[in-house]
Number of protein chains: 2
Amino acid sequence: MIRDFLDIATALSDMNRTRVLLALRHGELCVCQIVELLCLAPSTTSKHLSILKRAELVDARKQARWMYYALPANPTPIVQQAIAWTFNALEQSSQTKDDDKLLADILKQNPADLCRRQSGKVNCYSPVPENATKQKEMP
Amino acid sequence: MIRDFLDIATALSDMNRTRVLLALRHGELCVCQIVELLCLAPSTTSKHLSILKRAELVDARKQARWMYYALPANPTPIVQQAIAWTFNALEQSSQTKDDDKLLADILKQNPADLCRRQSGKVNCYSPVPENATKQKEMP
DNA sequence: CCTATATTTCGTTATGTGGCGAATTGAGAA
DNA sequence: TTCTCAATTCGCCACATAACGAAATATAGG
């Protein structure tokens, strides 16, 4: 019970994970699309998704070689409330607006193309959102 | 905006901090009472309180030598929603029930006595709640 | 079966966080 | 002013976590 709540709060305490949740408002996404959105390595993205899944903030389904993530179809009241709170807090943020634009572009592309580019090390075709706080370290 | 949200989610992702929030349902508490409840060092407790304060999940007021913490009198809608979610999720938990009992005992005592005992290294007069997950490390 | 590929898991590294005790601060009390 | 003491800040340690690339794990297609 407490563990469930803390899992959710922990999952929501990272901006990349809240970005995924907000993106899923528009429907389910496959991992390569989320990789493209976050502009992170696939392994890192996968870790974030597993944390969201553990908190039951997303559903996951496998179809062929692709994993699709979506908002939970039957959330518990606590999860439902957490998602409502998150959307309420972040839906108007400039980060979300930027992501919505970027996502529209991503959805126009063939997911297979995205994956190909990602394995070719060109992780990030889009500029880092301007208000992203320390999105990526430059060593 | 996002920063505010992440501050709140981070503040809520630690059990000791949620315990403080739940305890404050019963009214404001001074630091020594919270130290007694959590059974942590005053410095650690103070850090937790500063994180709650930064997230605007608590108000702080100083009276004479004591600091009193309370639920926010005028929370923003997002903070209000976060607190409602937290109470909804945790109010029925056994941890909260245990803390409510313990708090009733603490409130019967003179806060000055609590502070005296705390400076005398006898931090914890009460047993650690039985379902506390890894409340304290033993080296 | 073998190959290609989408995703996850593993190992590593840098940074963040919770915990404590010691030192510091600040507001009565002597 | 000086002393006391509640609370905070500081310095340190152990452990958690976000990031990456490499290796492992499926699964579709040849």
Side-chain angles (χ1 to χ4, degrees), chain A residues 6-7 9-11 13-17 19-20 29-36 38-54 60-69 110-121 123-124 132-139, chain B residues 6-7 9-11 13-20 29-36 38-54 60-69 110-121 123-124 128 132-139:
Chain A
L6 295 177
D7 281 348
T10 302
S13 66
D14 179 278
M15 187 177 66
N16 286 322
R17 290 192 289 263
R19 290 175 69 199
V20 171
L29 295 170
C30 81
V31 175
C32 65
Q33 292 170 318
I34 299 170
V35 166
E36 197 67 22
L38 298 184
C39 197
L40 292 174
S43 61
T44 306
T45 304
S46 181
K47 188 78 196 308
H48 282 308
L49 291 170
S50 77
I51 290 167
L52 287 169
K53 181 142 173 36
R54 180 154 143 59
R61 115 189 135 82
K62 186 160 199 166
Q63 176 161 352
R65 267 176 294 186
W66 283 267
M67 281 294 295
Y68 289 91
Y69 285 86
N110 184 344
D113 292 342
L114 292 176
C115 284
R116 251 189 297 285
R117 272 198 291 115
Q118 284 155 16
S119 51
K121 314 279 188 193
N123 262 355
C124 194
T133 327
K134 216 176 53 167
Q135 165 112 350
K136 201 171 184 179
E137 303 299 301
M138 291 297 161
Chain B
L6 294 177
D7 281 347
T10 301
S13 67
D14 179 277
M15 186 177 66
N16 286 321
R17 291 192 289 264
T18 61
R19 291 176 68 199
V20 171
L29 296 171
C30 82
V31 174
C32 65
Q33 292 170 318
I34 298 170
V35 166
E36 198 67 22
L38 298 184
C39 198
L40 292 174
S43 61
T44 305
T45 304
S46 183
K47 188 81 196 310
H48 283 308
L49 291 169
S50 77
I51 290 168
L52 287 168
K53 180 143 175 36
R54 180 157 141 62
R61 113 188 137 80
K62 186 160 199 167
Q63 175 161 352
R65 268 175 294 186
W66 284 268
M67 282 294 295
Y68 289 91
Y69 285 86
N110 184 344
D113 291 342
L114 291 177
C115 285
R116 251 189 298 284
R117 272 199 289 117
Q118 284 156 16
S119 51
K121 314 279 187 194
N123 263 354
C124 194
V128 174
T133 328
K134 213 177 54 167
Q135 165 112 351
K136 203 171 183 179
E137 304 298 300
M138 291 299 158

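Here is how names work: the chains are called A, B, and so on, in the same order as the sequence lines, proteins then strands, and each is numbered from 1.
In this structure, A/R17 and A/T10 approach most closely via the heavy-atom pair NH2-O, 3.1 Å. Looking at every heavy atom in both residues, A/L6 comes nearest to B/S13 through CD2-C, 3.8 Å. Here the closest heavy-atom approach between residue A/A11 and residue A/L52 is recorded as CB-CD2, 4.2 Å.
Here the CD-OG1 distance, from B/Q33 to B/T45, works out to 12.5 Å after rounding to the nearest 0.5 Å. Rounded to the nearest 0.5 angstrom, A/R61 CZ and A/C30 SG are separated by 10.5 Å. Atom CG of residue B/L49 and atom CE of residue B/M67 lie 8.5 Å apart, to the nearest 0.5 angstrom.
Put simply, CG on B/D7 is 10 Å from P on C/dT17, counting in whole angstrom units. Rounded to an integer number of Å, the gap from CH2 of A/W66 to P of C/dA4 is 16 Å. Put simply, CG on B/L6 is 15 Å from C1' on D/dT17, counting in whole angstrom units. In this structure, the CZ atom of A/R17 is 9 Å from the P atom of D/dT17, given to the nearest Å. Between B/N16 atom CG and C/dC20 atom P the separation is 9 Å, expressed in whole Å. Rounded to whole Å, the distance from CE on A/M15 to C1' on D/dT17 is 16 Å. Atom CG of B/L29 is separated from atom P of D/dA6 by 17 Å (rounded to the nearest Å). Distance, B/R19 CZ to C/dG18 P: 15 Å, rounded to whole Å.
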Nucleotide-resolved protein contact map, nucleotides 23-30 of chain D, B/S/- at heavy-atom distance under 4.0 Å: ---SBS--

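Counting non-hydrogen atoms under 4.0 angstrom, A/I51 reaches the backbone sugars and phosphates but no base.
Within the 4.5 Å cutoff, side-chain heavy atoms of B/H48 are placed close to those of B/L40.
Side-chain atoms of A/S46 never come within 3.5 Å of backbone atoms of A/S43 as a donor-acceptor pair (strictly under, hydrogens ignored).
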Short N/O separations, protein against nucleotides 8-14 of chain D, under 3.5 angstrom:
residue : atom : partner : partner atom : Å
D/dT8   : OP1  : B/Y69   : OH           : 2.5
D/dT8   : OP2  : B/S46   : OG           : 2.7
D/dT8   : O5'  : B/S46   : OG           : 3.0

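Put simply, B/H48 has no side-chain N or O that comes within less than 4.0 Å of OP1 or OP2 on C/dT17.
If you run side-chain contact (heavy atoms from CB on, under 4.5 Å) between B/V31 and each of B/W66, B/Y69, B/Y68, only B/Y69 comes through.
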